[in-house]
Number of protein chains: 4
Amino acid sequence: MAKGVNKAILLGNVGKDPEIRSTASGTIVASFTLATSDRTKDQTGNWVDQTEWHNLVAFKRTAEIVRDYVKKGSKIYVEGKIQTRSWDDKTSGEKKYRTEILVNELSLLSGRGEGESGGGGYQRSGGSSGYDQRGSQAPADDYANSAEITDDDIPF
Amino acid sequence: MAKGVNKAILLGNVGKDPEIRSTASGTIVASFTLATSDRTKDQTGNWVDQTEWHNLVAFKRTAEIVRDYVKKGSKIYVEGKIQTRSWDDKTSGEKKYRTEILVNELSLLSGRGEGESGGGGYQRSGGSSGYDQRGSQAPADDYANSAEITDDDIPF
Amino acid sequence: MAKGVNKAILLGNVGKDPEIRSTASGTIVASFTLATSDRTKDQTGNWVDQTEWHNLVAFKRTAEIVRDYVKKGSKIYVEGKIQTRSWDDKTSGEKKYRTEILVNELSLLSGRGEGESGGGGYQRSGGSSGYDQRGSQAPADDYANSAEITDDDIPF
Amino acid sequence: MAKGVNKAILLGNVGKDPEIRSTASGTIVASFTLATSDRTKDQTGNWVDQTEWHNLVAFKRTAEIVRDYVKKGSKIYVEGKIQTRSWDDKTSGEKKYRTEILVNELSLLSGRGEGESGGGGYQRSGGSSGYDQRGSQAPADDYANSAEITDDDIPF
DNA sequence: TTTT
DNA sequence: TTTT
């Protein structure tokens, strides 16, 4: 009776190769971004392409599918839950928010081979944090340090 | 052809009486929060009620419906578009993000009279920012100062 | 990869007390109808209320919730899968179709006590087929005789 | 307050080249079928591909997009309204039902050139009624004769 | 009747 | 940062 509905339905293109991590307890986690593009009229009546970026997270079996089949450029359909996590920024002391889509349904729309052009290595190595995704530096670090996903964040 | 899908489907209860404002050009804007509750199992297998808060915005005709019929406690169904706005925090200089649902469909589920218990005054006056809903003070002010909705933010 | 999406999202009022049955193998099945009302403009520009009726089916745990909490008049939100079953009419020999929503998510929106007006008995007895909801008699019988849900129809 | 929700969300492949017609008043109408495929477990626990077929109808601007870009094999995402039309079968005298999805949002997922393999002619000519789509003969004719879409069926 |  |  107290059950609400919290559902996101998205169809778009993946911005970067997904980040794959594991929690302390061994749960696999995939993080990636999705661009949904729209053609809307602006104030002057012109058609403008408008792109919205979404932060997606997937766990367990869904994360494995992401790891194995989703890459930069992939077109996917996704259903998920909208979640906002918050943490206290260590340096500024301010509260920060990050909204993510917890993916629970995923459909691959690019054929095999489509999506990524580079055939070679997926060099997703080094210091790439995977959250440095809006041209912001400090926030990414901050997020990585203060708001890393822990087992407590996982809803199962 | 490049058309993506960006849709949120929410059903829950309104957290506070909506804020009603107008842009410089006279467009009416309604802002409010919605709680969607879920019963999920936690790590230890217990059923836990989990509430997610969403920031909703409505414009024009939809904003008028919100103004006239939606209040604290109202149960509503909503469809909208997920949007993240960003701005530079004036004091800390950091980039901040705020994700909102731009409502384009709304269905009232509380009967008339349901929802609000207090019959008296809707004292939506004074310093009540309507964004002080996560125990955070500064962010609300900050948001009010730095990220006020302007005509440029309105997608039509 | 070949995964499609087939989803119905409905919010409306239940037309009659649900029918509860069991398959030969003991799976509980609930069947009921849902009215979704819309206010659309007709050809002459007048606002007209338009009601669409849907046939819903629920199995197992969801069927138990329907049995225990859903009744005539209940306002509910439902997610499900659109399915069309077909059978050969015994008398006319024609192929017949029936589209149903296989419910997999259900949210009760009427408070307890709301919905049903009659306090007394839920006389869901006798010949009430539960499918006699469009002013048609024969189809209901026909359906009952020729297109009863069998274990083969259940997708799990 | 009496506003319900009636929404279908489908992603799949088009079964045949769409039928394009016009009503007496000149409204363009597109009819086509969509297959949504699912991989579910059957009773014995094996994974089985299950395909559901949907009847889609589009009007006006959406019908033009269908006419110009959608063909047999096209992968599309669609939002629409579930509608059941009924009519009296002339020969058997029985009431018949046909459930359709009235498309109001459409996204093309096949690239240009994808979808159809045959480059040549779209010979959608002759007596093809477009409703002879489930291996049934009489019903199609019947439908064509008794339940043709008229201006009265169009909800605007 | 589609698709992987 | 994606895609058409």
Side-chain angles (χ1 to χ4, degrees), chain A residues 10-19 31-39 47-56 69-78 107-118 124 128-136 140, chain B residues 1-6 84 86, chain C residues 1-6 84 86, chain D residues 10-19 31-39 47-56 69-78 107-118 124 128-136 140:
Chain A
L10 305 173
L11 194 161
N13 296 286
V14 171
K16 291 197 172 178
D17 285 340
E19 290 287 309
S31 307
F32 54 116
T33 54
L34 189 75
T36 55
S37 298
D38 223 4
R39 203 171 288 273
W47 283 104
V48 192
D49 250 321
Q50 195 191 341
T51 293
E52 198 61 34
W53 284 96
H54 310 269
N55 302 305
L56 310 205
Y69 300 109
V70 174
K71 45 189 197 250
K72 178 178 174 181
S74 297
K75 188 181 277 301
I76 61 172
Y77 168 90
V78 139
S107 213
L108 301 160
L109 305 176
S110 315
R112 349 88 279 166
E114 286 185 70
E116 178 76 302
S117 48
R124 214 164 12 182
S128 96
S129 80
Y131 287 105
D132 185 5
Q133 250 155 348
R134 282 191 179 93
S136 57
Chain B
M1 203 135 16
K3 217 172 71 177
V5 176
N6 174 359
T84 301
S86 69
Chain C
M1 204 136 16
K3 218 173 70 176
V5 176
N6 175 359
T84 300
S86 68
Chain D
L10 304 173
L11 195 160
N13 297 285
V14 171
K16 292 198 172 177
D17 285 340
E19 290 287 309
S31 308
F32 54 116
T33 53
L34 189 75
T36 55
S37 298
D38 223 5
R39 203 172 287 273
W47 283 104
V48 191
D49 251 322
Q50 195 190 341
T51 294
E52 197 62 33
W53 285 96
H54 310 269
N55 302 306
L56 310 204
Y69 300 109
V70 174
K71 46 189 195 248
K72 178 180 174 181
S74 297
K75 190 183 275 303
I76 61 172
Y77 168 90
V78 139
S107 213
L108 301 159
L109 306 176
S110 315
R112 352 84 281 169
E114 285 185 70
E116 178 74 303
S117 47
R124 215 165 9 181
S128 96
S129 79
Y131 287 105
D132 185 4
Q133 248 154 350
R134 282 191 178 95
S136 56

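Both backbone and side-chain heavy atoms feed into the values below; hydrogens, waters and symmetry mates do not. Here is how names work: the chains are called A, B, and so on, in the same order as the sequence lines, proteins then strands, and each is numbered from 1.
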Taken to the nearest 0.5 Å, the spacing of A:Ser74 OG from A:Phe32 CZ works out to 9.0 Å

Atom CG of D:Asp49 and atom P of E:dT2 are separated, to the nearest Å, by 14 Å

Rounded to whole Å, the CG-C1' distance (A:Asn55 to F:dT1) equals 11 Å

note: A:Leu10, atom CG; F:dT2, atom C1'; distance rounded to Å ~ 13 Å

Here the distance between atom C1' of F:dT3 and atom NZ of A:Lys75, to the nearest Å, is 6 Å

N/O donor-acceptor pair under 3.5 Å between A:Asp17 side chain and A:Lys72 backbone: yes

Taken to the nearest whole Å, CD/A:Gln50 to C1'/F:dT3 is 15 Å

- Message: Please check this pair: side chain of D:Ser37 against backbone of C:Gly4, looking for a donor-acceptor N/O pair closer than 3.5 Å.
- Response: no

To the nearest angstrom, the CG-C1' distance between A:Asp17 and F:dT2 comes to 12 Å

To the nearest angstrom, the CD1-P distance between D:Ile76 and E:dT1 comes to 19 Å

Of the candidates F:dT2, E:dT1, F:dT1, the side chain of D:Thr33 sits closest to E:dT1

With sequence neighbours left out, the residues meeting side chain to side chain contact (heavy atoms under 4.5 Å, CB included) with B:Asn6 are A:Leu10, A:Thr36, A:Glu52, A:His54, B:Lys81, B:Ile82

Among the nucleotides F:dT1, F:dT4, E:dT1, whichever has the atom closest to the side chain of D:Lys16 is E:dT1

Taken to the nearest whole Å, CZ/D:Arg39 to P/E:dT3 is 16 Å

- Query: With a centroid cutoff of 5.5 Å and a plane-angle limit of 30°, would you call D:Trp53 stacked on E:dT2?
  - Reply: no

Sugar-phosphate, base or nothing in reach of D:Thr51, heavy atoms under 4.0 Å = base

